[in-house]
Every structure is written in structure tokens, then in C-alpha cells.
Amino acid sequence: MDLGSGKSGCSHYRRGCKIRAPCCDEIFYCRHCHNEAKNSLEIHLRDRHEIPRHEIKKVICTLCSTEQDVQQYCSNCGVCMAKYFCAKCNFFDNDLTKNQYHCDGCGICRTGGQENFFHCFKCGCCYSNSLKQSHHCVERAMHHNCPVCFEYLFDSTKDVSVLPCGHTIHLECLKEMRGHCQFSCPVCSRSVCDMSGVWQKLDEEVAAIPMPEIYQNKMVWILCNDCGMRSNIHFHILAHKCPGCSSYNTRQTRSGPSACSRV
């Protein structure tokens with residue numbers, strides 16, 4: 001028997017079983033249901049916790065309510081509890097359109113089709129094949145919270161974007177940032193997209209606003225957030241341009257070295 005075409009399950013997954021949480025011995029449809037319930041504001045801070053997914057030992061068939069060891073087919077009624085089943089991370093899902101696959105490097109199941117992703121062992125996560133030759137490696141880049149919403153990125157069900165600097169962020173959080181005219185990485189401040197058009201407009205605005213004579217010889221030290229160069233340049237009230245990469249994504253520093261350098 002197969003429940004694959006059914007709609008049993010929760011808002012996270014379609015499946016024909018529930019899980020018994022090894023941490024609190026309660027029954028939930030999936031680990032996300034557990035984590036949402038056990039980390040809600042109604043739960044005392046000392047009692048909040050997340051389920052250790054690899055320690056799940058028991059599942060309950062939703063058709064005959066039989067509790068049993070983790071397996072794809074019910075030991076009592078024989079129903080297939082999920083078309084996709086991974087015994088390594090105790091994962092069930094009937095929606096095969098996600099193209100699930102298990103990544104041994106990540107230690108969990110991913111979606112999108114194994115042929116479309118590669119595992120970067122330095123970053124510690126699967127990335128799209130389109131980034132294989134171009135992504136900037138940051139050690140365990142995905143094993144952090146999103147710098148905007150603070151949700152843990154590694155096993156998040158939301159789409160994650162890899163920035164040019166190598167840091168990671170939820171795609172929807174990145175779009176929210178851009179909607180508020182924020183175009184630099186919240187972690188390292190490097191530009192997250194091609195800003196050459198903006199820098200060209202700033203060139204025109206700086207040229208159109210000459211500094212008063214009292215400021216024309218004033219020099220300041222700046223640090224470029226994009227290329228890391230430290231420079232001693234003429235002060236301007238509007239913005240300071242990096243002489244190395246022509247970026248205006250710079251910040252003024254109190255002092256600097258005797259010569260230009262890069263960090």
C-alpha cells in the first residue's frame with residue numbers, strides 16, 4: 001500500500017508517519033514541528049530545546065497508529081510511509097518534486113538534485129555547481145546564523161544565498177536588505193553586488209561639489225571594505241573613493257600606516 005498521493009503530514013512535509021522525539025518523548029509530525037513547539041515563547045527558557053534528528057528511534061504510522069523502529073514501510077499494515085526515505089538521518093517525505101538526496105559531507109538530506117550540487121569541505125556545505133569555480137571559501141560558512149534574522153542556516157528550509165565575500169544569508173533577507181538600500185555584507189561590509197554604476201554617479205556628484213579652500217588640503221586615512229586597501233586621500237564631505245579598486249564602500253580611520261597597504 002502507498003500513501004504517496006495523500007496529503008497527510010504537516011506544513012513542512014507530506015508523510016505517512018509521525019516521530020517520537022527522543023529528547024522529550026513527545027510525538028510530532030516532524031523535527032520542525034517539534035522545534036517550533038519547544039522553542040515558542042510559551043515554553044520556559046530552560047526547557048527550550050531542539051530535536052537531535054539522528055537519535056530518532058521510533059515512528060508512528062498515521063494509518064494504523066503502530067509505533068515501531070524507523071523504517072520506510074509500516075511493520076503492521078505495510079503502508080509506504082514516504083516515497084523518499086533516508087535511514088541515515090531518519091527523514092521521510094512524499095514530495096519527490098524536491099529531488100531530495102543525502103549528502104554524507106553535510107550529514108543530512110538536501111533538495112534540488114545531487115547532480116546540481118557539490119560539497120565544499122572547507123565551507124562545510126553543499127553549493128550549486130554554478131559556484132564551483134568562483135565561490136570564495138569561508139570555513140564553515142553555512143554553520144552560522146543568518147546575519148539578518150539569526151536563524152541557523154545549515155539546515156534551514158529557506159533558500160540561502162552565498163555572497164561574493166563567501167558569507168551566507170537567507171535569500172529573502174538579502175532581498176529585504178536591498179529593499180532598504182543596503183548593499184553590503186552585514187558580516188564584513190563588502191559589496192554584495194556590482195556597484196560600478198553607483199560609483200560612477202558618485203564620481204559625478206563628488207566632482208560637482210568642490211570643497212571649500214580650508215578643506216582642500218585636508219587628508220584622511222580610509223579603509224576600503226571591498227579590497228582592503230588603506231589609503232591616505234583628500235577629504236570630501238560626500239564620500240571617499242578607494243584609489244585601488246575605485247569603490248566608495250570605504251570608511252574613515254583615525255590613523256594609518258606610512259604607506260598604502262592591503263589587509
Side-chain angles (χ1 to χ4, degrees), residues 10-13 30-43 45 48 50 93 95 97-100 103 106 108-113 116-120 122-132 134-202 205 223-228 238-242 245-252:
C10 59
S11 60
H12 307 104
Y13 303 112
C30 74
R31 67 181 184 88
H32 296 294
C33 293
H34 169 279
N35 294 344
E36 289 174 1
K38 294 302 180 179
N39 286 296
S40 66
L41 295 178
E42 289 74 22
I43 302 296
L45 188 61
R48 296 177 190 175
E50 297 196 350
D93 197 356
D95 186 3
T97 61
K98 297 176 183 177
N99 294 320
Q100 301 95 329
C103 174
C106 290
I108 60 175
C109 288
R110 296 290 187 188
T111 60
N116 299 316
F117 294 86
F118 73 98
H119 184 84
C120 177
K122 183 174 182 179
C123 296
C125 193
C126 285
Y127 287 157
S128 169
N129 286 336
S130 62
L131 297 174
K132 194 167 188 177
S134 61
H135 83 286
H136 180 75
C137 283
V138 173
E139 189 169 0
R140 295 179 64 80
M142 204 74 78
H143 295 258
H144 298 281
N145 294 338
C146 172
V148 174
C149 70
F150 302 109
E151 179 184 325
Y152 190 55
L153 290 169
F154 181 69
D155 56 3
S156 174
T157 57
K158 302 174 184 176
D159 291 334
V160 177
S161 179
V162 183
L163 303 179
C165 56
H167 294 116
T168 51
I169 185 175
H170 280 131
L171 180 59
E172 63 182 39
C173 292
L174 179 60
K175 291 179 179 178
E176 184 75 13
M177 281 176 49
R178 289 177 174 175
H180 289 84
C181 298
Q182 298 294 323
F183 301 102
S184 59
C185 172
V187 179
C188 67
S189 297
R190 183 176 172 180
S191 297
V192 300
C193 57
D194 181 12
M195 298 290 288
S196 56
V198 178
W199 303 157
Q200 185 176 353
K201 290 182 179 180
L202 276 172
E205 293 184 22
L223 171 64
C224 179
N225 294 321
D226 285 340
C227 73
L238 185 61
H240 297 119
K241 182 177 182 177
C242 172
C245 66
S246 300
S247 169
Y248 278 99
N249 182 15
T250 63
R251 60 179 181 267
Q252 187 174 337

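Start at 1 with the first residue, then count along the sequence. Note that these values count all heavy atoms, side chains included, but never hydrogens, waters or copies made by symmetry.
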Problem set entry | Any residue meeting salt bridge (charged side-chain N to carboxylate O under 4.0 Å, His left out) with Arg190, in chain and number order, not counting sequence neighbours | none
Exercise. Who pairs with His135 by ring pair (Phe, Tyr, Trp, His ring centres under 6.0 Å), at least two apart in sequence or on another chain?
Worked result: Phe118, Tyr127
For this session: Return the set of residues passing side-chain hydrogen bond (donor to acceptor under 3.5 Å, both in side chains) with Ser191 (not counting sequence neighbours), or none when no residue passes.
Result: Asp226, Asn249
Exercise. Can you list the residues that meet the side chain to side chain contact (heavy atoms under 4.5 Å, CB included) rule with Lys38, with sequence neighbours excluded?
Worked result: Cys24, Glu26, Phe28, His34, His49
Exercise. Restricting to pairs with a member in residues 153-185, which pass ring-ring contact (aromatic ring centres under 6.0 Å, His included), not counting sequence neighbours?
Worked result: His143-Phe154
For this session: Compare every heavy atom of Gly228 with every heavy atom of Leu223, then report the nearest pair and how far apart it is.
Result: CD1-O, 3.6 Å
Seminar exercise, completed: Sorted by chain and number, sequence neighbours left out, side chain to side chain contact (heavy atoms under 4.5 Å, CB included) with Thr157 holds for Tyr13, His32
Problem set entry | 4.5 Å side-chain heavy-atom contact, Ile169 and Val187 | no
Problem set entry | Contacts of type salt bridge (charged side-chain N to carboxylate O under 4.0 Å, His left out), residue Asp93, not counting sequence neighbours | Lys98
Problem set entry | Minimum side-chain heavy-atom gap Cys33-His12 below 4.5 Å | yes
What side-chain donor-acceptor pairs closer than 3.5 Å can you find for residues 144-151, not counting sequence neighbours?
| residue | atom | partner | partner atom | Å |
| --- | --- | --- | --- | --- |
| His144 | NE2 | Arg140 | O | 3.2 |
| Glu151 | OE1 | Lys158 | NZ | 3.3 |
| Glu151 | OE2 | Ser156 | OG | 2.8 |

Exercise. With sequence neighbours excluded, what pairs up with Asp159 under the side-chain hydrogen bond (donor to acceptor under 3.5 Å, both in side chains) test?
Worked result: none
Seminar exercise, completed: In this structure, CZ of Arg31 is separated from CD of Glu36 (nearest 0.5 Å) by 10.5 Å
Problem set entry | By side chain to side chain contact (heavy atoms under 4.5 Å, CB included) - contacts of Asn39 (at least two apart) | Asn35, Arg48, Glu50
For this session: For Glu42, enumerate each residue passing the side-chain hydrogen bond (donor to acceptor under 3.5 Å, both in side chains) test, keeping only those at least two apart in sequence or located in another chain.
Result: Ser40
Seminar exercise, completed: Heavy-atom closest pair (His119 atom, Gly124 atom, distance to 0.1 Å) is CE1-C, 3.8 Å
Exercise. Of all heavy-atom pairs between Trp199 and Ser246, which one has the smallest distance, and what is that distance?
Worked result: CD1-O, 3.7 Å
Exercise. With sequence neighbours left out, what residues match Ser134 under side-chain hydrogen bond (donor to acceptor under 3.5 Å, both in side chains)?
Worked result: none
Exercise. Is Thr250 reaching over with its side chain to a backbone N or O of Cys242, donor-acceptor style, under 3.5 angstrom?
Worked result: no
For this session: Answer whether the closest heavy-atom distance between the side chains of Cys120 and Cys137 falls below 4.5 Å.
Result: yes
For this session: Check the pair Leu174 / Leu163 against side chain to side chain contact (heavy atoms under 4.5 Å, CB included), numbers first and verdict last.
Result: CA-CA 9 Å; Leu174 179 60; Leu163 303 179; 4.1 Å; yes
For this session: Over all heavy atoms of both residues, which pair between Cys106 and Cys125 is shortest? Give the atoms and the distance, please.
Result: SG-CA, 3.8 Å
Exercise. Is it true that atom CD of Gln252 has more than 12 heavy atoms of other residues, nucleotides or ligands lying nearer than 6.0 Å?
Worked result: yes
Exercise. Can you tell me how far the CZ atom of Phe117 sits from the CG atom of Asn99, to the nearest 0.5 Å?
Worked result: 9.5 Å
Seminar exercise, completed: Interatomic distance, SG@Cys123 vs NE2@His136, rounded to 0.5 Å, equals 8.5 Å
